[in-house]
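Report on the structure given below.
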Amino acid sequence: MKQKRYYTSQILVLLLGIAFVVWLMPRRSTSSYIYQVNRPWNYQLLTAPFDLPIRPDSLSAQAAIDSINRTFVPVYKRRTAVEDDVRSRLAGALEKVSVSSATRSQLTARLRDVYAAGIVDEDVYNDISTGRLPSVRVVNGNSLIRKSTAQLRSPRRAYEWLKEQLPGDEAHYAIEQSKLASMLTPNVVLDTVMTNRMRSDLQQRATAPIGVIQQGERIIDRGEVVTPQLFTILQTYEAMQAERGNGPGGNSFYAWMAKSIYVGLLFMLLGIFLYYFRRRLWWQPKVVAFLVGLITAFSIFAFLVSTNIDSGLYIVPFSMVAIMIIVFFDGRTAMFSTLITTLICAVISPFPLEFIAMQFVAASIAINSLKELSRRSQLLRTALLIYLGYTLMYVAVNVMLTGSFASLAPRMFGFLAINVVLVSFAYVLVFVFERWLGFTSTVGLVELSDINHPLLRELSRECPGTFQHAMGVSNLAAEAASKLGANVQLIRAGALYHDIGKIENPAFFTENQHGVNPHNAIDPEQSARIIINHVNDGLRRAEKAKLPSAIRRFIAEHHGAGMTKYFYVTACNTHPGKEINPKPFTYPGPNPSTVESSILMMADAVEAASRSLTNYSPEAITGLVNKIIDSQVAEGLHNDSPLAFRDVKIIKESFIQRLLTIYHSRIAYPEKK
């Protein structure tokens, strides 16, 4: 029933991932083709379905427009009503000023002269004085007359000219008292409508079609480099397709269905992979949510970046997906998840082959160089290797398709450098997810294996014998895990903490005793209870110290549902003829569920038993190892573990070789005579 509920939650997570990715995937309303200037055409032969005008390419058109803008002479018009209004206002003002009629006539005549030459606003006069506007065209009836701007003045310059032309005191008095400065208004102004129309006509003629591609005629073929002229033709083709309703956005329902099927198939493949090849991960909803969320987040980030930045897809650090997953899980899951992410984002890439090849190389480098991330320097080294792989594959694919280095875009190397810088932040994300989701990374295990950890320091201080036992078990188990291809760092850390529960009652464990055995004063059942309780005591301490669940699993499973045989046999011998209930002498379990837990259980028992040997010959050590491990297998303690018989044989051989190395005979130094 529990697995059925988990199965439903897994499916729901996958469906949510599909919905988010499909909904946020960029919508292309006018173009079903992705192409760039100076890059090869990746599609089949394209022919014109209708007559297609050939327009100048964007560079030529822009050059023509720039030339028109530089040489274009604007159109101005005279406002005669302005001159009449100013003369009328001046005459009214002069009637209130005591000046002679001759001065009035001279001032009126000079005003007529200045308006005949023309007055413009200050901004236009600045262009004239700096030489940016040497001439203008003036509307004269139904024609345009080109006129030099040398005689045009601004209101201020016109006022100064009037005072220069009428130097007498009476004239200056009349000018100032009439407030002529505030009356002067431009009478030559820009004719915006005609200027814009004439400029637009010139630009349209400059960008008019220079030819026609007739219906059925070839436009471009696969492998041909997209020149600026072809780029313009393709844009014209797409625009006309959209106008005719033949663009890919013509039927949005089919487009949505296609996207949903494409993304759905990829996520379904991820679910199938986890179900059949990573069953342990599949039955953990938190893990499935993490994988789907990681793929979805990077896909959406790629969509956003590529929409706002040309070729921005290459900035997105897809190799971080591989790094995050291999640090927490395994290489196959990392590679499969990265390929799913790459295929989702390849649909928005201008060059899918190049994009997929580059991301495959980057993911492979990341996975192979970070099988065991234990130092930050490894991540920096991996980032440099990823950049090298990116650049080599980028150059190789482009030169292979075009046969020339000219198609390489220099800014791509800058984009790839930004990509690699972002990859270096994976260390921070590993820390965040480790604390937030409770996953266990190799980096975290290395930190936990530090003997300066507070729990290990306390174990060393309170239970020195147990601490030495834990160190021995760690070395013994790590050797076997290495030969089996298991997680060495995980089992090394788990072995160091598996007996931390003994801190509660250190004197009740033989490795910490010094001649006095407190078990002699209590009955076997009570002794067994104290010994068995070190598992629960250890789990409580691990919970308080916030140790990862993977470490707590070792504490719970290192004895499994085994029995404290010493005290059970003692109880049987103390009460002969009485049937002794084995339950009080049995650990609560569970039995080991992983290869690492099984190795630790074997190493724990073998290391402890090896200390009681008096003869360390190869035969004695081999017999001890075989006896203990065969006994555990016979009792079914490893039935829940994925161990195979071949694995058990390898573990035995590893233990025997390690113990023979530890307990080898030493040379007796002679006494000096």
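Since we're looking at a predicted model, the values are computed, not measured.
- Salt bridge status for E458 with R541: present, with a side-chain N to carboxylate O gap under 4.0 Å.
- Between the side chain of S337 and the main chain of T333, a donor-acceptor pair closer than 3.5 Å is present.
- Judged by distance alone, the side chains of S631 and E635 do bring a donor and an acceptor atom under 3.5 Å apart.
- In this structure, the side chains of I621 and S610 stay at 4.5 Å or more apart for every pair of heavy atoms.
- To the nearest 0.5 Å, atom OG1 of residue T574 and atom CG of residue D523 are 9.0 Å apart.
- By the neighbour-count criterion of 12 heavy atoms within 6.0 Å, atom CZ of R279 is densely surrounded, having more than that number from other residues, nucleotides or ligands.
- A distance-only check finds no donor-acceptor pair linking the side chain of D640 to the backbone of N591 [under 3.5 Å].
- Of the N and O atoms on the side chains of D604 and H498, at least one donor lies less than 3.5 Å from an acceptor on the other residue.
- In the model, K483 has a side-chain atom that pairs as donor or acceptor with a side-chain atom of Q657 under 3.5 Å.
- Around the CZ atom of F508, the shell of radius 6.0 Å holds more than 12 heavy atoms that belong to other residues, nucleotides or ligands.
- Checking side-chain atoms of E596 against main-chain N and O of N487 turns up a donor-acceptor pair under 3.5 Å.
- Using a 3.5 Å distance cut-off with no hydrogens or angles, the side chains of N505 and H534 do not pair a donor with an acceptor.
- Ring orientation note: the planes of Y568 and F585 are nearly perpendicular, at an angle over 60° on the 30°/60° scale.
- Of the N and O atoms on the side chains of S299 and T296, not one donor lies less than 3.5 Å from an acceptor on the other residue.
- The main-chain N or O of E619 is never found under 3.5 Å from a side-chain atom of T622 such that the two would form a donor-acceptor pair.
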I would like to know whether R457 and E462 meet salt bridge (Lys or Arg N to Asp or Glu O under 4.0 Å); could you show each step before the answer?
-> CA-CA 9 Å; R457 284 209 311 269; E462 301 295 333; over 6 Å; no
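- Contact check on D537 versus K502 returns no salt bridge, with no Lys/Arg side-chain nitrogen under 4.0 Å from an Asp/Glu carboxylate oxygen.
- Residue T341 holds its OG1 atom at 9.5 Å from CG of L266, rounded to the nearest 0.5 Å.
- In this structure, a donor-acceptor pair under 3.5 Å is absent between the side chains of Q359 and S319.
- Between atom CG of residue D330 and atom CZ of residue F277 there is a gap of 12.5 Å, rounded to the nearest 0.5 Å.
- When the shell of 6.0 Å around CZ of F273 is examined, it contains more than 12 heavy atoms from other residues, nucleotides or ligands.
- Heavy-atom neighbours of Y262 OH from other residues, nucleotides or ligands within 6.0 Å: above the threshold of 12.
- The aromatic rings of F298 and F318 are tilted relative to each other, their planes meeting at an angle between 30° and 60°.
- Annotation: cation-pi pair R278/F329 absent, no NZ/CZ under 6.0 Å from the ring centroid and within 45° of its normal.
- No salt bridge links R540 with E504; every basic N to acidic carboxylate O contact stays at or beyond 4.0 Å.
- No donor-acceptor pair under 3.5 Å is formed between the side chain of S9 and the backbone N or O of P285.
- Side chains of N573 and T570: a donor-acceptor N/O pair is absent below 3.5 angstrom, by distance only.
- In this structure, the side chain of D499 does not engage the main chain of T466 through any donor-acceptor pair within 3.5 Å.
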